[in-house]
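Read through the structure below, which is laid out as structure tokens, and then see the notes.
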Amino acid sequence: MPEIISVSKVDLPYRPSQSELKEFARETFSETFDDVERLLESFDNAKIDSRNFCVPLEYFYSLKTFEEKNELYVENCLKFSIRAIEDCI
């Protein structure tokens, strides 16, 4: 029977606070959603201090093609997966 014999965690390089993310969401969605302030309350109610990102928040301010986003995803997924696996071995 399979069993878990080792676990690992990887801290990603960018760790914006919940308040930074709330402000980012306000800037990003205020023109799209009329009731954005009501929706932003979920940031306060989540009881989360910060989140982990592979890229800085500034990355999301510029438009990227699907191909660009996908390449970055694959690159980071491989890099951080390998690091986690190596930590387990």
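By the 6.0 Å contact criterion, CG on Asp34 is open, its count of non-hydrogen atoms from other residues, nucleotides or ligands being 12 or less. Within 6.0 Å of CD in Glu37 there are more than 12 heavy atoms belonging to other residues, nucleotides or ligands.
Contact check for Pro13 versus Phe80: side-chain heavy atoms found under the 4.5 Å cut-off. Counting only heavy atoms from C-beta outward, the side chains of Arg38 and Leu40 never approach each other to under 4.5 Å. Using a 4.5 Å heavy-atom threshold, the side chains of Pro16 and Phe53 count as touching. Side-chain contact between Arg51 and Leu12 is absent, with no heavy-atom pair separated by less than 4.5 Å.
Between the side chain of Asn70 and the main chain of Phe66, no donor-acceptor pair closer than 3.5 Å is present. One N or O on the side chain of Ser6 and one on the backbone of Cys88 form a donor-acceptor pair closer than 3.5 Å. Not one N or O on the side chain of Glu23 forms a donor-acceptor pair closer than 3.5 Å with the backbone of Glu20. In this structure a side-chain-to-backbone donor-acceptor pair under 3.5 Å is present from Gln18 to Phe43.
Separation of the Tyr14 and Tyr59 ring centroids does not fall under the 6.0 Å cut-off.
Distance CZ/Arg26 to OG1/Thr28: 11.0 Å, rounded to 0.5 Å. Considering NZ of Lys22 and OG of Ser17, their distance stands at 11.0 Å, rounded to 0.5 Å. A distance of 3.5 Å separates OG1 of Thr65 from CD of Glu68, quoted to the nearest 0.5 Å.
One hydrophobic cluster, built from ILVMFWY side chains closer than 4.5 Å, cannot hold both Ile82 and Leu72; they sit in different ones. When hydrophobic clusters are built by joining Ile, Leu, Val, Met, Phe, Trp and Tyr residues whose side-chain heavy atoms come closer than 4.5 Å, directly or via intermediates, Val55 is not grouped with Val10. By the criterion of side-chain heavy atoms lying less than 4.5 angstrom apart, applied directly or through intervening Ile, Leu, Val, Met, Phe, Trp or Tyr residues, Phe29 is grouped together with Tyr61 in one hydrophobic cluster. A continuous path of hydrophobic side-chain contacts links Leu78 to Tyr73 [ILVMFWY only; heavy atoms under 4.5 Å]. A continuous path of hydrophobic side-chain contacts links Leu21 to Phe33 [ILVMFWY only; heavy atoms under 4.5 Å].
Look at Glu86 and Arg83 and you find no salt bridge, because none of the NZ, NE, NH1 or NH2 atoms lies under 4.0 Å from a carboxylate O. Classification of Asp87 and Lys9 as a salt-bridged pair fails, no side-chain N sitting under 4.0 Å from a carboxylate O.
Considering all non-hydrogen atoms of both residues, Ser42 and Leu39 come closest at OG-O, 2.9 Å.
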